[in-house]
Student: 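This is the structure I want to talk about, given as structure tokens.
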Amino acid sequence: MIDLLAQTLREAGHSLTKPRMTVFGALQAPKPKTMNQLVTSVSDIINRASVYRAVALFEELGIITRIQHGWKYRLELSDAFTPHHHHLTCNKCHRIISFDEPDRFDEIVSGIAASHGFVLQNHGLEVYGLCPECQTKKAAT
Ligand SMILES: [Zn+2]
Ligand SMILES: [Zn+2]
């Protein structure tokens with residue numbers, strides 16, 4: 001993965017610096033991070049400004065993607081750098097849970113595309129609801 005990162009940066013005329021490597025490493029965690037969580041997780045290695053600069057560059061180069069939910073967003077590595085997956089987002093606490101898609105899901109999607117004369121290239125799917133914790137809270141009040 002670091003090789004692919006270095007290559008992606010090099011092709012765009014950038015080098016693999018320590019802040020870039022650190023931010024990339026922090027985003028390899030299984031859960032998408034908010035900007036604050038990301039800054040906090042690397043705060044003993046690099047400062048906030050370096051994190052912001054690395055994130056801006058990574059977004060520009062398609063290395064990371066933003067999962068937008070209302071006015072909030074979380075960051076994660078793009079499909080090229082992480083196994084393909086989808087998200088369940090809680091409408092109340094904004095937590096995001098990643099899940100692998102079921103077997104043959106791609107077949108279903110290409111079937112839909114084909115029925116409209118499309119050749120499938122990629123797809124996205126976001127699922128929204130209430131997480132177990134928020135359901136409990138609701139029941140308690
Ligand atoms: Zn929730
Ligand atoms: Zn998928």
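Order of listing sets the numbers, starting from 1, for every ligand and every atom in it.
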Student: Would a distance-only check, ignoring hydrogens and angles, find a side-chain to backbone donor-acceptor pair under 3.5 Å from Thr89 to Tyr128?
Tutor: no
Student: For the residue pair Asp44 and Ser41, what are the closest heavy atoms and their distance?
Tutor: OD1-O, 4.3 Å
Student: For the metal site, I want the angle between atom SG of Cys93 and atom SG of Cys134 with the Zn ion (ligand 1) at the apex, to 10°.
Tutor: 110°
Student: I'd like to know: is the Zn ion (ligand 1) within the 2.8 Å range of an N/O/S atom from His94, strictly under that distance?
Tutor: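 No - counting backbone and side chain alike, His94 has no N, O or S atom under 2.8 Å.
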Student: The Zn ion (ligand 2) and His123: any N/O/S contact shorter than 2.8 Å?
Tutor: yes
Student: What closest approach, in Å, do Ile64 and Leu27 show between heavy atoms, and which atom pair accounts for it?
Tutor: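 So the two residues come closest at CG2-CD1, 3.5 Å.
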Student: Aromatic ring centroids of His84 and His123 under 6.0 Å?
Tutor: yes
Student: Looking only at N, O or S atoms in Glu101, which is nearest to the Zn ion (ligand 2)?
Tutor: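 Relative to the Zn ion (ligand 2), the closest nitrogen, oxygen or sulfur of Glu101 carries the name OE1.
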